[in-house]
Amino acid sequence: MRIATWNVNSLNARLGRVEEWLAYAQPDVVCLQETKLADEAFPGLTFQALGYDTAHVGEGRWNGVAILSRVGLTDVEVGFGDGHADDAEARLVWATCGGVRVASAYVPNGREVGHDHFRYKLDWLARLRGHLEARCDPADDIAICGDFNIAPTDDDVWDPTAFVGATHVSEPERAALRSIVDWGLVDAFRVLQPEPRLYTWWDYRAGNFHKHKGMRIDLVLASRSLADRASFATIDRNARKGKLPSDHAPLLVDVADR
DNA sequence: ATGGTCGCGCAGCGA
């Protein structure tokens with residue numbers, strides 16, 4: 001099974017690129033973030049025609065997450081289901097695809113360390129950890145895929161000195177991510193690709209992509225049973241090139257069937 | 001030169 005995650009930065013603006021990419025990458029399960037679509041505008045029929053069932057939760061102008069699957073898609077859940085007031089923002093959707101419990105997650109950006117949105121980010125990550133504790137079993141096949149807006153280590157940014165005091169690299173964010181991983185997950189890409197300075201996101205500005213100034217902030221966090229069967233992982237930099245790219249590249253992980 | 005670009009939607013915010 002090929003599992004992919006891609007922050008498309010508007011599915012409306014990116015649909016052509018996504019269709020082209022599905023045709024050549026041939027993923028079985030795709031987690032999309034930042035669709036920026038209301039549910040009624042989600043192009044489900046387009047994906048259906050390509051063989052994918054879909055689940056989408058959107059707001060319209062911001063956020064929005066989806067799962068596409070051509071290996072079955074059942075038991076869709078939106079958000080944390082933790083009994084508290086639902087997150088007003090469309091940042092998390094779950095589905096079971098080919099025996100794997102899959103989440104498409106768009107972690108809040110945080111804006112600046114100490115900002116209200118930064119606290120929202122940390123709270124959001126704590127709720128995700130709580131959801132795992134309450135609703136998931138680490139012995140199952142689980143893949144939490146998405147834009148975490150956190151570079152797990154200094155090996156995941158182009159220049160650590162350029163990010164001192166910045167969001168995406170701060171210790172509270174990294175600790176919140178470690179707390180999620182420590183529940184029983186593995187950074188699947190990092191296990192298969194140990195070399196530093198491989199990125200999934202590059203700022204549109206200043207030619208950063210061509211200067212290799214990026215960050216690895218998109219992750220597939222796989223439960224150990226699933227990660228043990230992972231055979232290949234790559235970041236598809238070609239999808240970041242050419243006309244009208246997202247500022248993120250897709251991340252792919254191949255896992256053998258159980 | 002201390003910015004630089006996108007997307008949304010029509011100003012300016014968010015990333």
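When reading the values below, keep in mind they use all heavy atoms of this one structure, side chains included, and skip hydrogens, waters and symmetry mates. Please read all numbers here as calculations on a predicted model, not as lab measurements. Every chain is numbered from 1, with letters handed out A, B, ... down the list of sequences.
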*asked:* Does a side-chain N or O of A/Ser10 approach OP1 or OP2 of B/dC8 to a distance below 4.0 Å, or not?
replied: yes
*Rounded to whole angstrom units, what separation is found between the CG atom of A/Asp203 and the C1' atom of B/dG14?*
12 Å
*Would you kindly compare A/Lys36 and A/His117 by the position of their nearest DNA chain B nucleotide and give the one closer to the 5′ end?*
A/Lys36
*Please figure out whether A/Trp62 or A/Arg14 has its closest DNA chain B nucleotide nearer the 5' end.*
A/Arg14
*Just how far, in rounded Å, is C1' of B/dA15 from CZ of A/Phe163?*
13 Å
*Before giving the answer on ring-ring contact (aromatic ring centres under 6.0 Å, His included), spell out for A/Phe209 and A/Tyr199 the whole-Å C-alpha distance, their side-chain angles and the decisive distance to 0.1 Å.*
CA-CA 10 Å; A/Phe209 178 68; A/Tyr199 311 127; over 10 Å; no
*Aromatic ring centroids of A/Trp158 and A/Trp202 under 6.0 Å?*
no
*Give a yes/no answer on whether the side chain of A/Arg61 brings an N or O atom under 4.0 Å of OP1 or OP2 in B/dG9.*
yes
*A/Asn9 side chain, from C-beta outward: closest of B/dG7, B/dA15, B/dC8*: B/dG7
*Which atoms form the tightest heavy-atom contact between A/Gln33 and A/Thr5, and what is the distance?*
NE2-OG1, 3.0 Å
_Without decimals, in angstroms, what is the distance between A/Asn109 CG and B/dG14 P?_
10 Å
*Quick one: A/Lys121 NZ to B/dG14 P, roughly how many Å, whole number?*
15 Å
_Donor-acceptor check, side chain of A/Ser223 to backbone of A/Ile142, threshold 3.5 angstrom: yes or no?_
yes
*Quickly work out the A/Gln33 CD to B/dG14 C1' distance and round it to whole Å.*
17 Å
*Distance test, side-chain N/O of A/Arg111 to OP1/OP2 of B/dA15, below 4.0 Å*: yes
